[in-house]
Each structure stands twice: as structure tokens, then as C-alpha cells.
Amino acid sequence: MAGQTDMELIKNGIRMDGRKPDELREVKIVAGVLDNADGSCYLEWGNNKVYAGVFGPMECHPRHKQKADRAIVQARYTMAPFSVNDRKRPGLDRRSTEISYIVSQAFEKVVMVEDFPKASIRVDMQVVEAHAGTRCAALTAASVALADAGIPMRDMIPSCAAGKVNDVVVLDLNKEEDNYGQADLPLAIIPSTGEVVLLQLDGHLTPDEFEQAMDLATSGCMELYKKMRHALENSYGGKA
Amino acid sequence: MAGQTDMELIKNGIRMDGRKPDELREVKIVAGVLDNADGSCYLEWGNNKVYAGVFGPMECHPRHKQKADRAIVQARYTMAPFSVNDRKRPGLDRRSTEISYIVSQAFEKVVMVEDFPKASIRVDMQVVEAHAGTRCAALTAASVALADAGIPMRDMIPSCAAGKVNDVVVLDLNKEEDNYGQADLPLAIIPSTGEVVLLQLDGHLTPDEFEQAMDLATSGCMELYKKMRHALENSYGGKA
Amino acid sequence: MAGQTDMELIKNGIRMDGRKPDELREVKIVAGVLDNADGSCYLEWGNNKVYAGVFGPMECHPRHKQKADRAIVQARYTMAPFSVNDRKRPGLDRRSTEISYIVSQAFEKVVMVEDFPKASIRVDMQVVEAHAGTRCAALTAASVALADAGIPMRDMIPSCAAGKVNDVVVLDLNKEEDNYGQADLPLAIIPSTGEVVLLQLDGHLTPDEFEQAMDLATSGCMELYKKMRHALENSYGGKA
Amino acid sequence: MSNDSVSNLMKGHMESLAKEGKRADGRGINEYRKVKIEIGMISTAEGSAMVHLGKTKVLCGIKMLIGTPYGDSPGSGTMTTSTELAPLADQSFDPGPPREQSIELSRVVDRGIRESRMIDFDGLCIEHGVKVWMVYIDLHILDNNGNLFDCCTLAAAAALSNATIPNIQHGIADKDVKLPINCWPISCTFGKLGDSVILDATSDEESVMSARFTVAHDENGNLRAAQKGMNGSFTDAEIREAVKTARASDNVLREALKGIQE
Amino acid sequence: MSNDSVSNLMKGHMESLAKEGKRADGRGINEYRKVKIEIGMISTAEGSAMVHLGKTKVLCGIKMLIGTPYGDSPGSGTMTTSTELAPLADQSFDPGPPREQSIELSRVVDRGIRESRMIDFDGLCIEHGVKVWMVYIDLHILDNNGNLFDCCTLAAAAALSNATIPNIQHGIADKDVKLPINCWPISCTFGKLGDSVILDATSDEESVMSARFTVAHDENGNLRAAQKGMNGSFTDAEIREAVKTARASDNVLREALKGIQE
Amino acid sequence: MSNDSVSNLMKGHMESLAKEGKRADGRGINEYRKVKIEIGMISTAEGSAMVHLGKTKVLCGIKMLIGTPYGDSPGSGTMTTSTELAPLADQSFDPGPPREQSIELSRVVDRGIRESRMIDFDGLCIEHGVKVWMVYIDLHILDNNGNLFDCCTLAAAAALSNATIPNIQHGIADKDVKLPINCWPISCTFGKLGDSVILDATSDEESVMSARFTVAHDENGNLRAAQKGMNGSFTDAEIREAVKTARASDNVLREALKGIQE
């Protein structure tokens, strides 16, 4: 968050990419795109492009990570070297490690882990093109892939960010807004209960703006949730 | 392979180091040079200098690499930092890893691995001076070391390269020929059956040239095979 | 050891920091400073500042390091990035690895390792400010922490260095003396038997100077030993 | 009794206490443990601080080196935060790299400091596009008795407030000056214990709680960074309530931080 | 029945099929699966391509950066090839580094592209001995159903043919130009199944075959790279025959590659 | 009989031999095995030597590169020592990194060479503060039959004495010159076997001894480096006696080293 900037990112209530403050970028979700994975999803969100694949429940490696009374979720978020303008070095950096970790924990709340003692459920998220909001995109795609794999879950987890640009609270920052904006708040919720399973914040929000951002991100998650279910229905339809 | 070059590497059918196109560099092989290893070999091939040592069959580490029905061969090819003009950083680089891997697989074809379930046979090749053709030199030395160790084998594996310089197919490239030549084709065969267990190619060969290179490399392997057996006989004689 | 220098480090038998040749820097030892550790010690020695903490005897990880008939001591010496003028990169470098290794071995001589088969005793030494002599400081602190943890030992191990500056053998080099001096000889002994469990030497000593340095370092160890016992008595007193 | 049974008993006990607004150590659910800050104890560091939060103890040292700026911010200094979970601090801290937890901790502390603009990064530019000060914040956990997030953020803030730019040593100017500080971020971390939410959890409480929520405010009461952690959840209402509680409760830490500047 | 028995049954079945010139999926022994190439889907890459070979799916992205040339070729650009065996592509791809297989794959693909002189490295020189373009070929395996060698080489060639030198972004010239391509290498990979040799093996076939042989030809029908892999062997005659078969069979892939350039 | 029983029998046997001043291989307790030094066998190295100490065999190669000096010694060249415990040398040398033992060995050899000022580091300065020669000493253990410390130090000294500064290749001067050598350090290593102290232990002796002591002397009989290793101890008297013995016994190695310079 650069924070202070003279850049005009909103003009007459319309953002540079033509969206209103409470509008999502276009989202396209396709379930079941990979043959080998037990479940998979391809998601485009604005210009973000993400693949997610799921294997499991399977034996947990390394052994010392096994839990006697439940499965663990081993999520792994990586960005392709060509997914950003400057080439990213392959492998897990500190940012990817943190995201992988908090996403793993978010899923352990909704997956019926207690049904699969000692097992592992592997969730692999590959960001192949990145334009702000990739962790929300990856988490959303992974939820669909888990459902596509038939992994028992309490619910899916939609994830969406709210943010602040030019002192206005907006939904789903695009790349310029992320670079020159004032705050970014990615959120993931369990739609059926409203529980918060992922929340981060970078930037500057007054207490009132925080409340607005929570409201906006929550409504973004609910909108996304519809698209996720729609994608799964299409997929089942297609398979039938 | 630089490929296009004005450098005259062959003149009147004679190469810069005085060899004819189908002539090997000088090869000296001594078996049983190390005391600790179960079998060992020191090999000079032109200016290349290589030590090979073998331990085993022994318990396989790490455990997860064990095979229930056979032994595995764990070959390791490394170059000493001082073996080349520019100091090489110690440890396995990508090239050494690839060579170690394909050499391990070549030996699994000839070693009686089915006689030693769960075991490992360790083959360590140390290149202490390098002047083109070190993978062939290392593989050849390792064969002798395996025989010296008394490891049951279907046959030894001689290895030799053919190549192309100044549009002529030649045997056993030296360093200048490797740097400025047009193709390099290292080959390893099982002499008793003629089977190919290692083959690589870099560069440019017409279909006809490929056939010639295969013929030439094969005859090089057979010539080497004699030297290998001779070295082992000397060694047994010496020990008796 | 820079060795040759024009720098006058001793003048009229008095060192730059006011000490006599056979005088230790000020040493302050406090046992039991940490709550979580089974035993701990904070030590200031001149401007050196070291924390030592001990856990164990506990199950030994990794398993393959277990000894069937005794415990092992896993000592780990590290320097904080801010402990020196130029920032030190975090993690174990070669120097820290060597010190950790020889300190582990020194303690295996005095800890009753045979009483705890298969176990591990962990000794962690954190140098948070460094001004020459940190390995002696860390080893001394670790001895106190082991005693504070109630780990059965034959004796504690005081450690102190002698050295040579301006051709004079002196006790306990400070930073300038270490940088511009001629020799450094860290020593650790078992006071009750006089056995040497750690000895290193860098620099230049004549045979006579070596004898003097051994005498001086030994007397330094004995002086330190009193301070160590005093610190433990204070600690027990404080706890009672 | 097995470890699990003990743990379940402890969990039950702590949850019922929390339901009544109580804690095992006698505190209220939104009450911090005693905090103590010392500064300037490490002479090799450009700034240093030791923070005691109950029995949790963190030492922070600041080093400043000269380097080149990032391409996308040629006029700004840089900042790097790392945490060392020293094995002496906790039996469960393996000498091997405890990557994920340690990285999450470093990154959350880093965001609290960075996003609050505590440090004036533009003031760390020596030569535009060529030379800037690089600030290294190294956190050494010495004793882990819970709530490392708040203790580390506090230690970092205190050490930064104690820091001096070493102009003389690096030949930049003939006078050393204090590192310029814009504002004071304070991090407050909550735990979900059964159906209750508690502030400043101890290690025992952490071992039985299901979710963690950290929020950092600046001194104007605005939010600067937040992080939900662990594999449990908070309700939307709990999150919003926690943020308000943080603003009401962080004065204890803020006072301690002010204390060292006088 | 144990896994081994199943595997032995499958092996026997596939070997007898191959002996009759047949495959489990109905193909002939020297027939490729259906191939499909898409290009330009990644806007952050200088070039990109997705190749579907049957159910095998590989995404390739090209990045171009500016760097210094190697001492022994001061007038030439450089090229680096890496493969990511993403865990989502195959249950057996561990998140940990699957070093050897991945390195062999990268190096064989690299040799096919490099030795064919597909890229005009001298055309990538910006300032002799000082500044050259560095081409990064990053291959992302998304779905592994066999024959990664040919699919990756094809994806790399397609992505390179789609690539543009980013002169404007790096201030080198005021126009971006296509990456100059000299020729088109095609890699053909054979498997030894019992006593038969088959082209373009599926994962199932790979799991029971004993040896692998890859050969890359340029568009003039000359050999540019080859590699024998796995712990089985080929007879001399099988190798020479495979090379001829490759020249006769690679037109399927060559056509697909040409298709994208129109 | 179990391995441990065999080992205990061997230990007892060797200890009683040593008590009588005898060794299993017939040597006296302060007697070196036969030593043989060859030099100059590696033409790609700036200097090289192979040392045979009994059946222990170490190959050392010297490489010299041009680099920048350290900030605190702008007028001095640098030196780096590394040891490769090649798996072919000993069944117990794992291909994985045998870190601690190898690092101790490298560092003790390094100190012996460095602290003796064998190399004239100031003579390795090419341009003050800018360009110096970096000397790399790489030790390849080929056969480990005990006492690597002395064998490696001897191999390093012999290879250095064989080394030439590659001025021509690096365009520094039009003549290559010998690396200037100031003096000759010799390392002597003792083992504690029961209550006896023996010189130049074999692998068998090393496997049953409890402590190791290495001391390096220069040719004037002054001490330059020392190291006590392993988890046993020496008495103060044993250490002092060993130092005297070293001065009396190191002439065997010193003569061998002189031999190669003639």
C-alpha cells in the first residue's frame, strides 16, 4: 500500500476500469478441468488466472505431520515465474509460505477432517497470471476443487477483498488500486454461518471504514458463492 | 557445441592432437587403487583423470528409496573444484545430477539387482581433471570398480563418444573439438548383447552421420572393453 | 590474529582497558533467568552478553542420532544478527557450526550421559552482544544453565582464553587485543581433575609462551569457576 | 492420564472460566499481563529493546546498513523483519527451521510496523536511486509464554524508537541522528477460547484456543494491519468487537512505549 | 489383488497388445495422441502457449530480462529452461523437490531447443560483452498423462514462436519485435514395452515400460538432440529404427506448430 | 558376536598394546606411518599434490581467482579451505552433507595454514582495495585410513608449494610466478587411547580412542594452531607432553615436504 498518492483512481464514483465501488471484476469459474487431480478448478478473476487441484484424502507425508484424530490440509500456493511482469523466481518465498499456511488453516475449519484420521488432503493452487487479489482467487478456486473432488465439507469458502482508494472503500482492488491504494482487506467466510476463516489487513482504515470494508467484502464473498455453486452445477450437468 | 566455426580442427585427415578420425585418446586403467572401497578404479583418458569407488551391497539409505524386490544403484558423479580451468563450485549442480541419474539407471540394467532386495550399491565417481568426455570416462571407471568389488553383473559397460568436427564424424572428442565441434554423442553399451544403456546427443547430425556416429562409438566401446578386461586381469594377477 | 602490528596494546604493564596481564574482564553471572527453559543463565563478560538455556533429558531428534547406551548433548551456539558491528546473517555459519560441535563434545565428557540412554540434552547458547571471547562466555554460561537445570554432571566446565599481545602473554583478550594480537588460546577444563575438554589455538606462540598461556588460562578458568558456583548459590538462595 | 485427557480437562476449565469473564491467572478477559520495556542494552546494535509481557521475553536489535533501493521506490529506504525462535525459549522450538509459524510471525509484525508508516522511509534516502538506509529488525524470542505477536511488535517499536542512524561510521555525515519516527503502532492479539474471546493469551491458553486475531492500530485509533490465524473461526461480530476492544485496551502498551521516550 | 499383481497383469496385457501393433487406447504403436496448441493466453509473459497432448497438459511462459553475457560468448543472449512438476498434475509429484526427474526433463527440453538453434542467440545481443537478453522458458505441467518430454518441447517451441522482445518496457528501442526464430525442433519420445517400441506413451504405458528414448529433429530432418532414459535398454537396431520413425511421425506435431503461426 | 563386543575387544587390545608402547601395525606410539608426497599431477589446477600417509590418501588442488579484498584488509589476498569427504573414501561418508566433522576438519587445516602465515597474503594484492588473488584450497579425501587432519594439512602445504600465480591467463602480468611461501607448518595429531597418547592414529585406532589433539608448528618450532577434539579429555600434562613430542616427531613430515621442493 503506497497510501499517499495524487493518482486519481476514482472519478465521479467510477473506477478506472469502469467499475462502481461495490462491483466485482468479472469472474469465470470452471470445475473439473484437470484429468489426474481428484478435483480441480480453473478460475479467471479480472486478469488473474488460477488453477487449483486436489488429491486426497491420502496418506500424510511427512509422517511427523500426521494427526491421530483428524486429517490435515496441506495447501500450497505458488506463482508461476511468468505470472508477473518482472520474472518471479520459482519456488516458495516467504509470502507464498504465509499464504499457503493461512489457507491450509482456513480449510481445516470447513473440511470434515475428523472423518479421516492420519490422512492428508492436498490442495495445490497455481497462479499463472497475477493482477492483485490472487490469494482470494486461489482460495476460491481451491474451494471449488475440493467440492469437485467430493471431499466432505461443512461449506465452501468464498474469498474476496475490500480496500480503500482515494478515501473511498471499494470492493475487489485491481492492480493499480492495489499499488496506489490506501488499504487492502482480504476476507474469507463460511456463507452458511457467516464465520470469518481468513482476514488480513494492510494499510490505513478508520474504524468506520473498517466496518464498511467488512460489509463490502462479506457481500463480495456472497456474490462469489453463487458463482461457485453455479460452476459446480455446470460441472455436474456436464458430467451427467 | 558451438557448431559454426572457422577453426580448422582436422587437416589432411589428421586431428589437431595427431589422431586419426577413428582413434581413441590414450587410455590407462588401474583397478583396485583404493584401500577402503570394496572396489575401485583410477582411469586416465587423454588428460581426463577419474577415480571410481564402490561400496555394497549395503543397507539402502534413505529408507524410502529401498525397493522390496531388488537393489538400487546409487551413482554419484562429481567434479573436483580444481578439475577445470575456472574453479567449479563444490557440490552437485544440475549437470552432475543428470549424469548421476542416467549413470545409476545404466548400471541397474547390468548389475544383478534382483539378487539383493532392499540393498543399495553405491558408486562414487570423482573427476579430478576434466578435458571433454568425463561422463564416458567416469562410467567406464565405475564399471571396472564394480567388477573389482565383485558385484555380480551381466557384463561391464564401456562408454565412449562419437562426434562431428569440420563436418567429419570422429571418435572421442577432445576439449577443443568439444568446444568448437558440431555434435557429441556419448554412448554406453553392453558388449555381450550390443544393447544401448546410455545414449545422449547434442548438436547437429544428418541421418547418415548419425548412423556413422553410432558405428564409430560402438567400435570405441568395444576397444575400451578390451582395456577394461586387461586392467582387471592385471589387478587379479597383482593380487594373486 | 593480525599478528604484526605497531599498535601499542600494553603500556607499562597495563592494558588499554586498564587491566593487568593476568586480569579477567568483569564477569556477571545470573542463573535461572528464563521461565520456560529447564535451566538457564545470563552472563556478561566485559561487553559480551550471552543467554544459555537447557532442555532435557528429552527424546532425541532426529532419531538416527540416538545412542543406545547414553544421551547425547546437542549444543547450539549462535550469534544474533545485531551482536556485532556489521550485521551478521541469521543462521549457523561454519564458525558457529564448529563451535557448536566442539562444545557438544566438551559437555559429553562431564554430563552423566550414561544415565540417560537414547536421550538428548539440548543446550542453546545465544550471543546477543559480542566482543571477543564469546565461545568461552557461551560455554561457561551453558555450564551454569546445565547445573541450574539439575542435569547430573561430574563437574561444571569453566572456560577462559589466554593470548599474546605485544609479545606478552595475557589473560582474556578483549576485542582490540583479539583483532591486533598475536595469539588466542581458548581453554576449558574440569576443575576437579584438571582435565582439558576444550583447547584451541590461533596465532604464534613459542614453546615457553605456550606453557605460560596454559598456566594463565587454567588460573582464569579456576577464578571463573568460583563465580559460577557463587551464581548458583545465589540462585538457589533466591528460589528457596 | 494421557496428555490428551489433561489437555481436554485444561481446555474445559479455561473455557468455563472465560465464559465467566475470568482467566486462570486471575486477569479479566480483556486485560494485558504486566508489561516492562528496557532499551539500549546492546551497544553493537543501532537500537535495542527488551520487552517482558508477563513471562514472555523478547529482545529486539536494529541494524542499519547502506544498500540500493528497490526499482519501484528509488527514493525510499527498506526494512526487513526477521524472528529467531531460539530453542532456549520453548521446548517445542526445534533447532531446525520452524518455517511457517516463524514466517507468519515475522510478516505480521512487519506489516504492523510498515503499514503504520512508523518509519519515515523517504527520510532514509541518501542518494536518490542509488543509496538508501536498509533497516533490519531482528527479533530474538528468549522466553515464550504466549502472545509473541504483540510482544514482538512492541519490542520492534521500542527498539526503533531507540535507534540512531550511524552516519559517522558509514561516512555519510559528521553527526549521528535519531531514526525519524512518524507514529506508534500497537498490536493487540485475541484468542478464541470456546465461545469467548480473550486478549493476550498465555502459552497455556494458546494451546487450547482455536483461533487468533491480531489487529494493529496507530495512535490516532486507525487500523493499520490485521491477521486472523489458526484453524478456527471468529464470528463477524466477534471480529468487530475485538477491534473496538483493541482500541480500548492498547493504552497499557502505548503507555509503556511512551515511558521509554521520556 | 495386490498393487504389484495388478501392475503385472497390466504389463502383460500392454505388452501383448504392442506385439500385435496395438495400444490400450486404440492407437497404432507409432501414432501420436490428439494434439492441440493454444497461444498468447498469459499477458504478463513475453510469450505463452498451452499444449494438450491427449490428456497431458503443459503451460509454457517466456520471460525476457536484461543481463550480462557469459564470458565465453560475449555476443550471445542466454537461455534458461525450468520445469515445475506442479503437485496438482500428478499424485506422485511431491511438493518437495522431485529433483532428478525434473532436472532430466528440463535439460533434455533445453538441449532440444538450444542445439537446434531455434533461437538466434546472436540476435539477442544488446551491447557486446555488456548487455544481452536472457530468455527464461518456464514449463508448468498441469496434467500429467504421459510423454512430458515431447509435450514440454512442443510447448516451449510454441511459446517461443509467440514471444515478443519487450524493447519498450526496458527502454532498449521504441518498438517491440518478434523473437527471431531460426527453425523448429520437434521431439519424439519412444518407450520400450516388452520387446516392442511405442511412440508417445501414456502414463499407464510409462508405468510398465522399461526404457525411454527421445530424439529431436529440426525441420530439415537432421538430428539435434537425443537422450536414452530409464533403467532398461534398446538394441542398436531399435535405436536406429526409432530415429527413422521419428522423422516419419513428427509431422503431426510439426503441423500443429505451424498451425499457430498462421 | 555383536559389533559392540568386537569393538570392545579391539579397544581393550589396542589399549593394552599402547600401554606397552606398541601399536597393532608394529609402530611405536609416537611414530608416523610411511609418508609419500607427489606433486603437479593436475594440470587444470594452479598447484596440486597427493599425499599418502600409510593407506590414507588425500589429493589437494589449488585454484587462484581474482576478487575483491575484505573491507578490513584491503591490501591482502584471501584464502578459502574446503574438504570433500568423497563417498568413495569411506563407507561411513554419506553422500549427504557430513557437515560437522567436515567443517571442523576444514577449519583446523585452514587455521594451520593461515596462522602460520605460510602464504604471504600481502603479496597477493593486485590493486589495493580493489583486486586481490583469492586462493582456494580444495582437499579431496580419496582413502580414509585415519589421521585426516595431518594428511590434509600436509597435502595443502605441498600443493601450495607447487602453486603458480596465473598472471598470464588473467592478464595481470606477462609472466607467471611461483606463489610466495613464507614458512612450512606441520600438523601433528595425537589420540587418547585408554591412558596412553598415540601419534598418527589409523581408522581402527580412531574408532576406539576417546580424544584427539592436533597441534601445528612452524619450522622454527613455534606453535601456530591447535585443536582438541572428540568427547574425551587430556590431562594438562598430556597436552604439554604432546606439544613437545610434536616438535620431536614432525621432522618425518617436514623432510617429505622438503623433498618435493628439490
Side-chain angles (χ1 to χ4, degrees), chain A residues 32-42 44 46-56 58-59 61-62 65 74-92 96-97 100 104 120 122-131 134 138 141-142 145 148-149 175, chain E residues 40-50 52-67 80-97 102 106 134-146 155 159 162-163 166 169-170 202-204:
Chain A
V33 293
L34 302 179
D35 190 67
N36 258 313
D38 294 332
S40 62
C41 176
Y42 172 65
E44 286 184 13
N47 290 319
N48 290 314
K49 294 184 180 65
V50 180
Y51 286 87
V54 167
F55 284 101
M58 60 200 290
E59 211 192 341
H61 290 289
K65 291 201 171 178
Q74 293 180 295
R76 187 169 171 275
Y77 162 103
T78 50
M79 288 172 70
F82 47 77
S83 65
V84 285
N85 275 328
D86 297 324
R87 179 172 186 267
K88 207 199 142 292
R89 281 172 53 185
L92 284 177
S96 305
T97 303
S100 300
S104 298
S120 165
R122 286 203 195 154
V123 180
D124 188 32
M125 296 160 281
Q126 299 273 335
V127 177
V128 298
E129 187 168 345
H131 300 267
T134 56
D148 182 52
K175 196 162 189 187
Chain E
M41 67 284 293
I42 304 293
S43 70
T44 44
E46 267 69 86
S48 54
M50 171 89 88
H52 306 250
L53 183 57
K55 287 176 173 168
T56 292
K57 201 187 231 173
V58 172
L59 175 64
C60 180
I62 309 295
K63 288 300 293 178
M64 297 188 65
L65 303 179
I66 291 174
T80 305
T81 305
S82 71
T83 54
E84 165 81 6
L85 303 184
L88 55 73
D90 193 328
Q91 181 158 347
S92 75
F93 290 176
D94 269 324
S102 169
S106 301
M134 304 186 298
V135 180
Y136 288 92
I137 303 175
D138 287 298
L139 292 148
H140 250 56
I141 322 299
L142 293 176
D143 218 345
N144 175 27
N145 280 290
N162 173 245
Q169 187 196 332
H170 290 85
T202 62
S203 293
D204 281 349

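To find a chain, count down the sequence lines: A is the first, B the second, and so on, and within it residues start at 1. Note that the structure is predicted; figures quoted are calculated from it, not measured.
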*Measure A:Asn47 against the heavy atoms of chain E and call it side chain, backbone, both or neither at under 4.5 Å.*
neither
*asked:* With a 4.0 Å cut-off on N to O distance, would you call E:Asp138 and A:Arg87 a salt bridge?
replied: yes
_Per-residue contact mode, E:Gln91 against chain A (heavy atom under 4.5 angstrom)_ = both
*Would you mind checking if E:Glu84 and A:Arg76 are paired as a salt bridge, meaning a charged N to carboxylate O distance below 4.0 Å?*
yes
*Could you tell me which portion of A:Tyr51 (side chain, backbone, both or neither) has an atom closer than 4.5 angstrom to a non-hydrogen atom of chain E?*
both
*asked:* Taking side chain as everything from C-beta outward and backbone as N, CA, C, O, which of these in A:Val128 sits under 4.5 Å from a heavy atom of chain E? Side chain, backbone, both or neither.
replied: both
*asked:* Could you report the tightest heavy-atom contact between E:Leu88 and A:Gln126, atom names first, then the distance?
replied: CD2-CG, 3.5 Å
*Check each atom of E:Met134 against the heavy atoms of chain A and say whether the ones under 4.5 Å are side chain, backbone, both or neither.*
neither
*asked:* Looking at chain A, which one of E:Asn145, E:Asp143, E:Ile62, E:Thr56 has the largest number of heavy-atom pairs inside 4.5 Å, strictly under?
replied: E:Asp143
*asked:* Ring centroids only, cut at 6.0 angstrom: are A:Phe82 and E:His140 within range, meaning strictly under it?
replied: yes
_side chain to side chain donor-acceptor pair (under 3.5 Å) partners for A:Ser120, two or more places apart_ = A:Gln74
*Measuring heavy-atom distances to chain A, does E:Ala89 have an atom under 4.5 Å in its side chain, in its backbone, in both, or in neither?*
backbone
*Assess whether atom NZ of A:Lys175 is packed by more than 12 heavy atoms of other residues, nucleotides or ligands within 6.0 Å.*
yes
*By a 4.5 Å heavy-atom criterion (distance strictly below it), what part of A:Ala145 contacts chain E: side chain, backbone, both, or neither?*
neither
*Among the options E:Gln169, E:Met41, E:Glu46, pick out the one with the most heavy-atom pairs lying under 4.5 Å from chain A.*
E:Met41
*Measure A:His61 against the heavy atoms of chain E and call it side chain, backbone, both or neither at under 4.5 Å.*
neither
*asked:* Quick check against the 3.5 Å criterion: does E:Lys63 have a side-chain atom that pairs as donor or acceptor with the backbone of A:Val84?
replied: yes
_Does any backbone or side-chain atom of E:Ser43 lie under 4.5 Å from a heavy atom of chain A? Answer side chain, backbone, both or neither._
both
*asked:* Looking at E:Lys57 and A:Asp35, would you say the former's side chain and the latter's main chain have a donor-acceptor pair under 3.5 Å?
replied: no
*Which bit of E:Ile42 comes within less than 4.5 Å of chain A, counting heavy atoms only: side chain, backbone, both or neither?*
both
